[in-house]
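The structure appears right after this line, and notes come after that.
Letters A, B, ... mirror the listed sequences (proteins, then strands); counts begin at 1.
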There are 2 protein chains.
Amino acid sequence: MNAACNSPESSRSEARRAQILGAARDCFRRHGFHGASISQICRQAGMSAGHIYHYFDNKEAIIAAIVEQDLSRLLTMTAELRAAEDIEQTLAQCAAEGVHENLDPDTAALRLEIVAEGSRNPRVAEIVRDAERCCHDSMVVTVREMRRSLGLDTDEAWIEGLVEFFATLYDGLLVRSVRNPGEPSAALLALFSKVILDLVKTPSPLGPGKP
Amino acid sequence: MNAACNSPESSRSEARRAQILGAARDCFRRHGFHGASISQICRQAGMSAGHIYHYFDNKEAIIAAIVEQDLSRLLTMTAELRAAEDIEQTLAQCAAEGVHENLDPDTAALRLEIVAEGSRNPRVAEIVRDAERCCHDSMVVTVREMRRSLGLDTDEAWIEGLVEFFATLYDGLLVRSVRNPGEPSAALLALFSKVILDLVKTPSPLGPGKP
DNA sequence: CGTTCTAGTTCGAACGCTCATTCTATGTTA
DNA sequence: TAACATAGAATGAGCGTTCGAACTAGAACG
């Protein structure tokens with residue numbers, strides 16, 4: 001046994017878990033949470049049917065793990081944005097990258113599946129909403145700092161509305177990837193950049209807030 | 001037999017079909033296309049298990065019918081908007097109504113289920129994309145007419161981009177209904193109206209088109 | 001060094017259940 | 001009577017999950 005096995009979760013079982021999650025992500029993306037079967041996931045992960053239950057209590061636990069894994073990526077992105085040196089430039093870059101990421105059919109299929117499941121499975125709904133709150137708060141901080149550094153008002157309700165609006169735009173891309181697949185038009189890309197950068201700099205029509 | 005029975009589809013079987021679709025819509029909304037079973041749908045529709053197969057070839061045909069039914073509502077809305085007397089006022093009204101409709105958890109749950117299914121079921125994907133194309137074209141005509149009557153350019157690529165952008169916004173609300181349920185904030189509603197009405201009147205940065 | 005022990009892995013058969021679908025028999029109605 | 005409407009049992013496949021036995025490899029011991 002190598003040195004790493006001193007860790008409470010041995011590296012072997014960690015690897016096995018990752019292997020299962022990778023296979024499950026693939027199957028869920030192709031067949032949906034309920035369309036994909038445990039035996040499919042096992043086959044893809046290269047292990048026997050029952051063995052999966054040494055790593056996950058049941059199928060729902062695998063779903064929950066996948067959901068958490070995917071949503072933690074979002075958190076990472078907002079955290080990176082907030083920590084960036086030149087926020088305005090990073091925002092513009094993230095805006096463009098986000099469009100392509102959310103329009104990618106594989107990414108979109110899994111996220112849509114997660115949201116659809118969230119609309120009926122309370123456990124998934126809770127995970128989704130927790131992640132949403134974190135992302136939202138992180139973005140609010142980022143936008144508030146940008147506005148302050150630009151000498152604009154920092155009306156809380158307005159900033160929250162802006163963040164909610166941006167999130168809605170990006171969530172919409174997930175649906176667009178199915179309704180209208182393929183590369184986004186130049187006009188759409190231009191609109192994303194323009195609207196987001198314009199709105200960040202738009203004074204609140206609601207009230208001033210402390211500047 | 002009453003007079004209506006001269007029709008190729010008797011009113012009785014029409015009613016039965018509608019009954020099944022109503023029950024199926026309910027079950028699909030609550031459990032998803034694959035989570036809901038035929039026997040659940042039968043129970044809710046008040047008929048025996050096998051009897052459903054006199055009206056639909058199989059489960060997928062029921063799904064397809066539900067998808068078509070729901071998407072035809074979208075087509076109706078865009079058609080109404082295009083036929084309106086005062087397009088600008090009707091647009092503003094539709095914009096507000098659309099926000100609430102797409103945020104309604106029941107509406108959103110079914111539409112998300114449809115889109116998620118569309119990302120893996122080619123038949124559903126085709127129906128979704130057909131409806132999308134019709135809606136898109138209808139909206140393009142509407143926006144072009146508005147811009148012409150306002151003396152603006154009618155650059156085709158720009159108008160298509162605008163329509164795509166609006167659609168993305170409304171699609172995003174479906175996802176928001178899960179991620180952040182509850183009444184939308186006043187700021188978000190204001191942003192929807194403001195951005196849509198502003199953009200419709202924004203000159204194309206791409207080229208003039210024939211005015 | 002070789003043997004035994006132990007705890008963690010892994011397999012695959014088995015279980016009970018539910019699913020979508022089919023079939024046959026029985027009303028029902030014009 | 002002829003055609004349609006309906007019920008409900010039957011079918012076979014596949015599901016998620018459990019279980020006991022086999023395998024593996026390092027630890028402890030003589």
Side-chain angles (χ1 to χ4, degrees), chain A residues 1-25 27-28 30-66 113 117 120-121 123-124, chain B residues 1-25 27-28 30-66 113 117 120-121 123-124:
Chain A
M1 190 184 262
N2 63 36
C5 290
N6 298 331
S7 60
E9 301 284 341
S10 82
S11 69
R12 182 191 207 112
S13 81
E14 270 307 295
R16 275 297 203 209
R17 257 185 83 99
Q19 201 177 347
I20 294 170
L21 287 180
R25 155 172 285 112
C27 292
F28 288 152
R30 279 204 303 263
H31 308 286
F33 288 142
H34 297 284
S37 72
I38 293 282
S39 66
Q40 272 180 310
I41 296 171
C42 293
R43 212 176 309 132
Q44 176 131 357
M47 72 181 60
S48 79
H51 191 39
I52 261 187
Y53 289 85
H54 282 221
Y55 298 97
F56 295 93
D57 279 352
N58 48 40
K59 194 180 176 185
E60 209 200 314
I62 304 180
I63 294 178
I66 295 273
E113 187 63 28
E117 180 70 10
R120 56 189 117 91
N121 179 333
R123 184 166 169 198
V124 170
Chain B
M1 188 187 262
N2 63 34
C5 291
N6 297 331
S7 61
E9 301 284 341
S10 81
S11 69
R12 180 189 209 113
S13 80
E14 269 308 295
R16 273 301 203 203
R17 258 186 82 98
Q19 201 177 348
I20 294 169
L21 287 180
R25 156 172 286 112
C27 292
F28 288 153
R30 279 204 301 262
H31 309 287
F33 287 142
H34 297 285
S37 72
I38 293 283
S39 66
Q40 271 181 311
I41 296 171
C42 292
R43 213 175 309 132
Q44 175 133 357
M47 71 181 62
S48 80
H51 191 38
I52 259 188
Y53 289 86
H54 281 182
Y55 297 97
F56 295 93
D57 279 354
N58 48 41
K59 193 181 176 183
E60 209 200 315
I62 304 179
I63 294 178
I66 295 273
E113 186 63 29
E117 180 69 11
R120 56 188 117 93
N121 178 333
R123 184 165 169 201
V124 170

Fill in: Position toward the 5' end of DNA chain D (nearest nucleotide), A/G35 or A/G50
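Nearest nucleotide further toward 5': that of A/G35.
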Practice prompt. Would you mind telling me which residue lines up with the more 5' stretch of DNA chain D, A/Q40 or B/S48, judged by nearest nucleotide?
Written response: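 The residue mapped nearer the 5' terminus is B/S48.
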[atom1] of [X] versus [atom2] of [N]: gap in Å, rounded?
{"X": "B/R17", "N": "D/dA5", "atom1": "CZ", "atom2": "P", "answer": "13 Å"}
{"X": "A/I38", "N": "D/dG14", "atom1": "CD1", "atom2": "C1'", "answer": "13 Å"}
{"X": "A/I52", "N": "D/dT17", "atom1": "CD1", "atom2": "P", "answer": "10 Å"}
{"X": "A/H51", "N": "D/dT18", "atom1": "NE2", "atom2": "C1'", "answer": "15 Å"}
{"X": "A/Q19", "N": "C/dT10", "atom1": "CD", "atom2": "P", "answer": "9 Å"}
{"X": "A/H31", "N": "D/dC15", "atom1": "NE2", "atom2": "P", "answer": "11 Å"}
{"X": "B/E14", "N": "D/dA5", "atom1": "CD", "atom2": "P", "answer": "12 Å"}
{"X": "B/K59", "N": "C/dT18", "atom1": "NZ", "atom2": "C1'", "answer": "11 Å"}

What distance do [X] atom [atom1] and [Y] atom [atom2] have between them, rounded to the nearest 0.5 Å?
{"X": "B/I63", "Y": "B/N121", "atom1": "CD1", "atom2": "CG", "result": "7.0 Å"}
{"X": "A/R17", "Y": "A/I20", "atom1": "CZ", "atom2": "CD1", "result": "8.0 Å"}
{"X": "B/I41", "Y": "B/C27", "atom1": "CD1", "atom2": "SG", "result": "5.5 Å"}

State whether [X] places a side-chain N or O below 4.0 Å from either non-bridging phosphate oxygen (OP1 or OP2) of [N].
{"X": "B/S39", "N": "C/dT18", "answer": "no"}
{"X": "A/S37", "N": "D/dC15", "answer": "yes"}
{"X": "A/R16", "N": "C/dG8", "answer": "no"}

Practice prompt. Assign the ring pair A/H51 / A/H54 to parallel, tilted or perpendicular, where the plane angle (0 to 90°) is split at 30° and 60°.
Written response: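 Taking A/H54 first and then A/H51, their aromatic rings sit tilted (interplane angle of 30° to 60°).
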Worksheet entry | For the student: nearest non-hydrogen atoms of B/F33 and B/E113, plus distance |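 It is N-OE2, 3.0 Å.
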Worksheet item: With a 4.0 Å cut-off on heavy atoms, is B/Y55 in touch with a base, just the backbone sugar-phosphate, or nothing at all?
Response: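 Sugar-phosphate only.
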Fill in: Side chain of B/Y53 - closest among C/dT10, C/dC11, C/dT21
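The answer is C/dT21.
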